[in-house]
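What follows is one structure encoded as structure tokens, with my remarks underneath.
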Amino acid sequence: SALTPQEWTEIHGKRNFFLGAWSMIFPTVCHILYLPSLRVFYRERRSTCFKIMLFLAMADMGALITTGTAFGYVSFNGMHFCSNVLLVGINGCAAFCFWYSSTCACALLVINRICELTDRGIWFQGWRSSLCLLAILVYSYTNGLFSRPVLANSVHETIALDPFIPGHSPAEVRSG
């Protein structure tokens, strides 16, 4: 790289104290509010529906950390991809992983509830529901590791596939 991480932050970063603080405080409050639900989901995990909701709640809490707390840290310090490649890259992979887990668990919960309503709930009882959740976990980790990560950017105040670094966008690289 032509610049040090600190120079990247100073030249191309933008500190946003309000967004950074909000993005760190709000997920913390959500985690605190999630705790009673987690306790109930864990206590009732013998039921397939509650087992899936426990998995979904843990995926949501992980997503709150990656897209909330870690993004708040990036915004608060005015960072972007070149400021801290390791932090932003790992956070982006984890965000994708939790997003895949959450969406697949929601779909599984819908399918489970439909099966329960149509008297086919036996399809998800016992080890079958655990096998479905394991498949979701493997799918999520595989896609999280081998997909292009989403990258946090303090200037654009977003998490996107494009790092939005001046002179480094795909169109600018192609043109010269």
Side-chain angles (χ1 to χ4, degrees), residues 1 5 8-9 12-13 16 19-20 22-35 37-39 41-42 45 48-113 124 127-165 168-171 173:
S1 174
W8 277 109
T9 302
H12 298 292
N16 191 333
L19 179 65
W22 171 254
S23 294
M24 288 188 277
I25 292 169
F26 183 73
T28 304
V29 171
C30 289
H31 276 125
I32 292 167
L33 294 175
Y34 243 128
L35 292 176
S37 300
L38 281 175
R39 185 172 178 225
F41 295 156
Y42 183 76
R45 71 186 180 280
T48 305
C49 177
F50 283 102
K51 188 186 301 185
I52 296 169
M53 286 192 291
L54 176 65
F55 182 85
L56 180 59
M58 289 189 293
D60 286 344
M61 290 181 78
L64 281 170
I65 291 170
T66 58
T67 59
T69 308
F71 175 70
Y73 177 78
V74 168
S75 291
F76 195 80
N77 291 311
M79 298 165 61
H80 55 80
F81 180 66
C82 291
S83 298
N84 194 336
V85 176
L86 188 63
L87 172 71
V88 175
I90 289 174
N91 186 54
C93 289
F96 253 149
C97 179
F98 290 124
W99 180 75
Y100 282 119
S101 296
S102 183
T103 54
C104 290
C106 284
L108 181 64
L109 186 60
V110 168
I111 293 168
N112 172 261
R113 299 318 302 153
F124 285 99
W127 59 271
R128 292 180 186 108
S129 62
S130 298
L131 185 64
C132 289
L133 293 174
L134 180 65
I136 288 172
L137 199 60
V138 169
Y139 173 75
S140 301
Y141 278 124
T142 304
N143 280 324
L145 288 174
F146 297 110
S147 294
R148 186 174 166 193
V150 289
L151 307 169
N153 188 301
S154 63
V155 175
H156 293 276
E157 299 171 352
T158 189
I159 300 174
L161 290 170
D162 189 350
F164 298 113
I165 298 169
H168 293 84
S169 71
V173 171

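Hydrogens, waters and symmetry mates are skipped; everything else that's a heavy atom, side chains included, is used.
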Problem set entry | Crowding at OH, Y73 (>12 non-hydrogen neighbours, <6.0 Å) | no

Problem set entry | Non-hydrogen side-chain atoms of F55 and I136 separated by less than 4.5 Å | yes

Exercise. Just by distance, do the side chain of T48 and the backbone of F124 share a donor-acceptor pair under 3.5 Å?
Worked result: yes

For this session: Drop me the distance from F71's CZ to L151's CG, to the nearest 0.5 angstrom.
Result: 12.0 Å

For this session: Supply the atom-to-atom distance L38 CG to D60 CG, rounded to the nearest 0.5 angstrom.
Result: 10.0 Å

Problem set entry | Minimum-distance pair of heavy atoms, taken over all atoms of A70 and N91 | CB-OD1, 3.3 Å

Exercise. Rounded to the nearest 0.5 Å, what separation is found between the SG atom of C93 and the OH atom of Y141?
Worked result: 12.5 Å

Problem set entry | Nearest-0.5 Å distance, CD1 of residue I159 to OG1 of residue T66 | 7.0 Å

Exercise. Can you tell me if S102 uses its side chain to pair, donor with acceptor, with the backbone of F98 under 3.5 Å?
Worked result: no

Exercise. If you take all heavy atoms of L64 and P27, which pair is closest and at what distance?
Worked result: O-CB, 3.7 Å

Exercise. If you take all heavy atoms of A105 and I52, which pair is closest and at what distance?
Worked result: O-CG2, 3.7 Å

For this session: Taking all heavy atoms of L108 and all of C132, pick out the closest pair and write down the distance.
Result: CD2-CB, 3.8 Å

Problem set entry | Rounded distance [0.5 Å steps], OG in S130 versus CG in L137 | 11.5 Å

For this session: Could you check if a side-chain atom of N112 sits within less than 4.5 angstrom of a side-chain atom of C49, using non-hydrogen atoms only?
Result: yes

For this session: Might you point out which heavy atoms bring C97 and S140 nearest each other, and give the distance in Å?
Result: O-CB, 3.5 Å

Exercise. Got F96 and N143 here, is their nearest side-chain heavy-atom distance under 4.5 Å?
Worked result: no

Problem set entry | Heavy-atom side-chain proximity of L54 to M58 below 4.5 angstrom | yes

Exercise. Is the backbone of H80 close enough, under 3.5 Å, to the side chain of N153 for a donor and an acceptor to pair up by distance?
Worked result: no

For this session: Could you tell me the separation between the CG atom of N16 and the CG atom of N77, rounded to the nearest 0.5 Å?
Result: 11.5 Å

Exercise. What pair of heavy atoms forms the shortest contact from M61 to Y34, and how long is it?
Worked result: CG-CD1, 3.7 Å

Exercise. Parallel, tilted or perpendicular for Y100 and Y139, by the 30°/60° rule?
Worked result: perpendicular

For this session: Kindly confirm or rule out a cation-pi arrangement of R45 over Y42, judged by NZ or CZ under 6.0 Å from the six-membered ring centre and within 45° of its axis?
Result: yes

